[in-house]
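Residue numbers begin at 1 in each chain, while the letters A, B, ... track the order of the sequences.
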Amino acid sequence: MKFKAKEIADILGGTVDGDPEVTVTAFARIESGKPGAICFFANPKYEHYVYSCKSDIIIVNRTFVPKEAVTATLLRVDDAYAAVASLLDYVTAQKRSYRRYRGLRCRVRLSSKIGSKVYIGDFAYVGKKAEIGGFTKIYEHVYVGDGVKIGSKCIIYPGVRIYPGMVIGDNVIIHANAVIGSDGFGFAPLEDKSWKKIEHTGNVIVEDDVEIGANVCVDKSQMGSTVIRRGTKIDNLCQIAHNVEIGPDTVMASQSGIAGSSKIGSHCIIAGQVGVAGHLTIADDTTLGAQAGVLGNVKESGQVLMGSPAFPLKQYLRCYAAFKKAGK
Amino acid sequence: MKFKAKEIADILGGTVDGDPEVTVTAFARIESGKPGAICFFANPKYEHYVYSCKSDIIIVNRTFVPKEAVTATLLRVDDAYAAVASLLDYVTAQKRSYRRYRGLRCRVRLSSKIGSKVYIGDFAYVGKKAEIGGFTKIYEHVYVGDGVKIGSKCIIYPGVRIYPGMVIGDNVIIHANAVIGSDGFGFAPLEDKSWKKIEHTGNVIVEDDVEIGANVCVDKSQMGSTVIRRGTKIDNLCQIAHNVEIGPDTVMASQSGIAGSSKIGSHCIIAGQVGVAGHLTIADDTTLGAQAGVLGNVKESGQVLMGSPAFPLKQYLRCYAAFKKAGK
Amino acid sequence: MKFKAKEIADILGGTVDGDPEVTVTAFARIESGKPGAICFFANPKYEHYVYSCKSDIIIVNRTFVPKEAVTATLLRVDDAYAAVASLLDYVTAQKRSYRRYRGLRCRVRLSSKIGSKVYIGDFAYVGKKAEIGGFTKIYEHVYVGDGVKIGSKCIIYPGVRIYPGMVIGDNVIIHANAVIGSDGFGFAPLEDKSWKKIEHTGNVIVEDDVEIGANVCVDKSQMGSTVIRRGTKIDNLCQIAHNVEIGPDTVMASQSGIAGSSKIGSHCIIAGQVGVAGHLTIADDTTLGAQAGVLGNVKESGQVLMGSPAFPLKQYLRCYAAFKKAGK
């Protein structure tokens with residue numbers, strides 16, 4: 001990136017208070033600003049940094065009145081916090097190019113159908129009869145199995161593995177080394193106490209606007225589909241077992257796991273390292289606190305749960321206070 | 001897949017009650033049946049779906065007497081539940097082909113020994129003096145280090161990494177992006193409070209009939225071997241540290257971890273997100289409940305444990321009931 | 001490896017008590033010694049194994065006086081435990097070769113700068129303007145994005161993904177399938193209850209002498225850097241979120257996770273399956289017990305914490321004893 005203050009003001013609909021020609025090439029946080037960088041100031045707690053900040057530009061609210069001398073050029077906008085998100089968007093969009101590209105060393109099977117302006121990196125493999133929509137970017141080292149369907153404007157980062165027959169919607173982002181479509185963990189006990197594999201012939205459907213983190217695993221179903229519904233966001237290292245349905249618009253933080261056949265409603269917030277047992281239904285708008293373990297259905301929507309087994313947060317905190325007291 | 005009702009009856013030893021020529025191309029669950037699909041009905045709770053189901057074939061127990069009109073062709077067998085598992089097996093086996101294949105863009109070092117009818121996908125790498133048994137399938141992007149031995153009839157999914165010198169038995173399945181043979185996590189504290197790496201020169205032995213999930217990590221030992229014993233099944237995202245021994249016939253659900261040098265007995269059931277500390281011995285037939293944390297040896301076999309630190313489940317549930325009561 | 005007893009004595013500064021010509025080709029633990037192997041005896045509890053051990057060489061302390069007949073050649077050193085670590089080091093260093101190598105099927109973009117004696121394996125990809133220091137080993141299937149900087153004497157194992165713009169120091173080891181630089185998990189809620197992605201334009205800095213385990217994820221920051229400080233060691237399957245800072249010389253066991261913007265001090269010891277919530281500061285020399293969940297700042301250094309939410313270990317153990325008692 002490389003922007004003059006006046007260019008940024010144009011992008012954000014702001015005004016320049018200082019040198020309109022000053023140029024920045026990087027973002028920085030206000031507490032670690034340096035020459036050539038642009039910072040933003042939104043949280044009043046950080047005001048003292050404004051006066052010592054060495055960045056060349058600081059984005060501030062239009063209403064901000066400095067109490068001391070400021071060396072940086074100030075860029076005044078209606079909402080400094082929102083303006084930064086917009087600027088990050090703008091910069092990212094600038095970097096993204098939609099052009100046809102085939103790595104010298106990729107392999108795309110002839111019977112696959114590839115949309116327009118698709119990027120396929122070196123060492124990527126696209127299997128037979130796979131379909132990839134327009135403007136999608138398949139990074140280096142990605143494996144797209146036979147018959148996989150991927151929508152348009154997706155970003156599939158290096159080393160993602162998509163087993164044969166899986167279905168990915170539009171505008172989906174999948175981070176490096178995530179695995180979509182491994183076998184569900186299903187075994188029947190035999191008389192000699194060994195385990196017989198139950199074959200899984202279903203698939204995984206990832207709907208539009210989903211984001212899946214690095215090293216996430218999503219297992220395919222025994223029959224039917226494991227479904228990640230529209231707009232759901234899944235953080236790194238999560239486990240989504242066979243036949244699970246989750247979302248739409250649910251978020252799930254790192255290292256959480258949902259066991260087989262459970263249904264997680266819409267707009268849920270699942271914190272880190274949470275576990276949900278199998279064959280459960282979790283109501284819409286449920287919040288599960290960090291490290292919660294859910295062993296029963298959650299029928300009433302809008303609850304906040306914690307503990308293992310989990311129960312309502314407020315009660316949990318009182319219980320935990322009593323627990324701590326008992327050890328004094 | 002594509003089957004007529006009469007063909008399925010032949011495979012399963014059943015009888016057709018309806019149109020023997022009706023053709024299906026997919027499995028479906030009874031609650032989401034659709035034309036062209038085959039369902040099964042085993043759990044009496046789901047009987048009402050039999051009458052509304054739009055699938056063309058439903059597998060039912062021989063003894064089933066419908067209480068209402070059924071539009072689907074019924075396929076009667078001794079045990080509908082077992083029949084479906086058999087049919088899933090049959091379909092999966094049909095899809096599996098044992099033929100020699102070399103991807104155009106794989107690399108197999110000349111000093112390796114490859115058995116008959118082995119599949120090696122594009123971008124797979126097989127190192128020097130590695131040995132791969134007959135009928136094994138090495139998917140695209142797999143890394144097989146120098147001197148690795150892999151048995152026959154294994155399936156190694158895309159992106160699996162097997163460090164040099166590791167040993168894999170027969171009929172082993174390893175899912176995508178699992179790592180076999182990374183260094184154990186061992187460091188000695190130095191006087192300046194930094195850490196000195198302890199080198200690991202041992203290996204990992206994965207015995208016959210083991211299944212290892214996606215993104216699992218199995219570390220090699222310092223000396224000697226980390227051993228996954230025959231028939232053990234490990235779910236996605238599990239951690240098996242250096243010098244661990246586990247199994248035979250133990251199952252371990254997703255996101256669980258076993259710390260260094262612990263021995264897990266045979267026929268144990270380890271639920272999700274369980275942790276077992278290092279240098280412990282866990283008796284045969286132990287069951288560890290979800291999110292349990294085991295900090296001591298488990299000497300008596302057949303116990304069910306929960307909590308962190310873990311203790312017997314029944315007691316745990318009473319304790320937890322008291323804990324919840326204290327917060328009311 | 002292949003060594004005579006007298007050669008090992010030279011390496012370790014020890015003396016041979018038995019046949020100086022006897023040859024060994026492997027390490028073994030004293031309890032599972034076999035012909036052709038070398039063992040060590042340091043822990044008095046294992047003395048009975050010395051007399052039954054079938055290994056050809058046993059390393060013992062100079063002061064050891066056998067109480068029974070020993071068939072193995074004894075190799076006497078000042079400190080048997082330290083000697084083994086040295087010997088493991090020696091053997092590992094012997095195997096390591098520093099020579100220029102390019103896999104037949106790697107792809108290295110022309111604008112990258114590669115130091116002397118760098119190994120780049122088959123199917124490895126090195127992006128535009130990337131820089132790799134001398135003596136570094138880039139294993140097969142590694143992805144090094146555009147503009148990445150990697151120092152000298154690093155080992156990057158197969159399948160590691162380093163997103164564009166990340167910075168790796170000297171003597172860094174990264175195990176297979178780890179991901180460095182995936183997007184931070186940041187989304188802003190919109191009025192329709194869907195989530196808008198907040199773009200992350202920062203990077204990850206991994207300082208010198210860091211080791212990162214298999215399948216670890218380190219997210220890049222929104223702006224500025226996620227930083228893994230010098231000498232920090234991170235075990236398999238850990239999560240390091242955006243804008244986290246950790247170390248120097250902190251160790252973090254498997255399956256632990258640090259949420260966004262938290263700062264973990266130096267010389268901390270984080271056990272397995274620990275979670276630290278976002279925007280916290282953890283003081284130097286803190287020890288977090290297995291499965292601890294940290295929800296508040298830790299201001300005083302040197303504490304040992306456990307529980308979820310975590311508090312001091314000693315108190316926790318008393319509380320937990322009371323908790324267990326309540327269920328009797």
Side-chain angles (χ1 to χ4, degrees), chain A residues 1 26-29 32 37 39 82 84-85 88-89 91-93 95 103-105 121-123 139-141 157-159 173 175-177 209 211 213-215 230-237 248-249 251 253-255 266-267 271-273 285 290-291 306-308 320 323-328, chain C residues 105 107 123-125 127 141 143 145 159 161 163 177-179 181-183 185 187-188 192-202 215-217 219 221-224 237-239 241 243 255-257 259 273 275 277 291 293 295 307-309 311 314-323 326:
Chain A
M1 60 177 269
F27 287 93
R29 283 181 286 175
S32 50
C39 296
V84 170
L88 288 167
D89 265 11
V91 168
T92 305
K95 277 198 221 170
L104 284 175
R105 298 180 172 223
D122 285 296
F123 313 121
Y139 268 85
E140 287 70 17
H141 298 110
Y157 280 101
I173 298 173
H175 281 280
N177 288 350
D209 305 320
E211 182 160 345
N215 282 323
R230 188 195 46 72
T232 292
K233 313 294 185 187
I234 297 174
D235 198 0
N236 301 337
L237 292 163
D249 289 327
V251 292
S254 181
Q255 298 179 319
S266 65
H267 309 99
Q273 299 182 336
D285 295 292
Q291 300 188 325
M306 199 164 170
S308 177
Y320 204 74
F323 167 79
K324 282 179 75 165
K325 214 170 160 185
K328 279 210 171 142
Chain C
R105 298 179 172 222
R107 181 153 194 217
F123 312 122
Y125 176 86
H141 299 110
Y143 171 80
R161 312 299 170 194
Y163 280 52
N177 288 349
V179 174
S182 37
D183 287 351
F185 193 68
F187 301 91
D192 65 355
K193 292 180 77 180
S194 70
W195 300 91
K196 179 173 162 38
K197 182 175 177 68
I198 296 170
E199 297 293 345
H200 282 64
T201 64
N215 282 323
V216 163
C217 298
D219 279 355
S221 57
Q222 193 185 344
M223 51 185 75
L237 292 163
C238 284
Q239 155 76 354
N243 289 94
Q255 298 178 318
S256 289
Q273 300 182 335
Q291 301 187 324
L295 297 184
S308 178
F311 57 94
K314 282 185 185 171
Q315 187 189 345
Y316 183 82
L317 293 178
R318 285 197 303 271
C319 296
Y320 204 72
F323 167 79

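Note on C:Ser308, C:Ser194, C:Gly275: by heavy-atom pairs under 4.5 Å with chain A, the leading option is C:Ser308. Counting heavy-atom pairs closer than 4.5 Å to chain C, the top residue among A:Lys324, A:Met1, A:Lys325 is A:Lys324. For chain A, the option among C:Asn243, C:Leu295, C:Asp192 with the highest count of heavy-atom pairs below 4.5 Å is C:Asn243. Chain C forms the most heavy-atom pairs under 4.5 Å with one residue out of A:Pro158, A:Gly231, A:Ala214, A:Ala26, and that residue is A:Pro158. The candidate from C:Gly181, C:Ala188, C:Gly293, C:Gly307 with the greatest count of non-hydrogen atom pairs under 4.5 Å with chain A is C:Gly293. When A:Gly103, A:Ala176, A:Pro248 are compared by the number of non-hydrogen pairs under 4.5 Å with chain C, A:Ala176 comes out ahead. Interface remark: of the candidates A:Val251, A:Asp122, A:Ile173, A:Thr232, A:Asp122 forms the most heavy-atom pairs closer than 4.5 Å to chain C. Ranking C:Gly145, C:Ala322, C:Gly224, C:Gly257 against chain A, the residue ahead of the rest is C:Gly257, based on heavy-atom pairs under 4.5 Å. Interface check for chain A: of the options C:Gly127, C:Ala326, C:Pro309, the most heavy-atom pairs under 4.5 Å are formed by C:Pro309. Top candidate by heavy-atom pairs under 4.5 Å with chain C, chosen from A:Met306, A:His141, A:Lys95, A:Arg230, is A:His141. When each of C:Phe187, C:Tyr320, C:Phe323 is scored by its heavy-atom pairs under 4.5 Å with chain A, the top score falls to C:Phe187. Note on A:Gly159, A:Ala290, A:Gly272: by heavy-atom pairs under 4.5 Å with chain C, the leading option is A:Gly159.
For A:Ser254, the part lying near chain C is the side chain, with the backbone staying farther off; criterion is any non-hydrogen pair under 4.5 Å. Heavy atoms closer than 4.5 Å to chain A are found in the side chain of C:Phe311, but not in its backbone. Contact of C:Gln273 with chain A is made through the backbone alone, with heavy-atom distances under 4.5 Å. If you measure heavy-atom distances from C:Lys196 to chain A, the contacts under 4.5 Å come from the side chain alone. For A:Arg29, the parts lying under 4.5 angstrom from a heavy atom of chain C are both the backbone and the side chain. For A:Ala28, the part sitting under 4.5 Å from any heavy atom of chain C is the backbone (N, CA, C, O) and nothing else. The part of C:Ala178 that comes within reach of chain A is its backbone (N, CA, C, O), which places non-hydrogen atoms under 4.5 angstrom from that chain. Within the 4.5 angstrom heavy-atom criterion, atoms from both the backbone and the side chain of A:Leu104 approach chain C.
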Just do the side-chain contact (heavy atoms from CB on, under 4.5 Å) check on A:Asp235 and C:Gln239 with the steps written out, would you? CA-CA 10 Å; A:Asp235 198 0; C:Gln239 155 76 354; 4.0 Å; yes
Working note: A:Glu140 + C:Arg107, criterion side-chain contact (heavy atoms from CB on, under 4.5 Å); need CA distance, chi angles, decisive distance, verdict. CA-CA 11 Å; A:Glu140 287 70 17; C:Arg107 181 153 194 217; over 6 Å; no
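Closest approach of A:Gln255 to C:Ser256, counting heavy atoms only: NE2-O, 3.2 Å. In plain terms, the two heavy atoms of C:Met223 and A:Phe27 that are nearest each other are CB-CB, 3.6 Å. Scanning both residues, C:Ser182 and A:Asn236, for their nearest heavy atoms gives OG-ND2, 4.0 Å. A:Asn215 and C:Cys217 make their closest contact through ND2-SG, 3.4 Å (heavy atoms, listed as atom of the first residue, atom of the second, distance).
Separation of atoms OH (C:Tyr163) and NE2 (A:His175) is listed at 5.0 Å; rounding is to 0.5 Å. Here A:Glu211 contributes atom CD and C:Phe185 contributes atom CZ; the two are 7.5 Å apart, rounded to the nearest 0.5 Å.
C:Trp195 contributes a side-chain N or O that, together with a main-chain N or O of A:Asp249, makes up a donor-acceptor pair within less than 3.5 Å.
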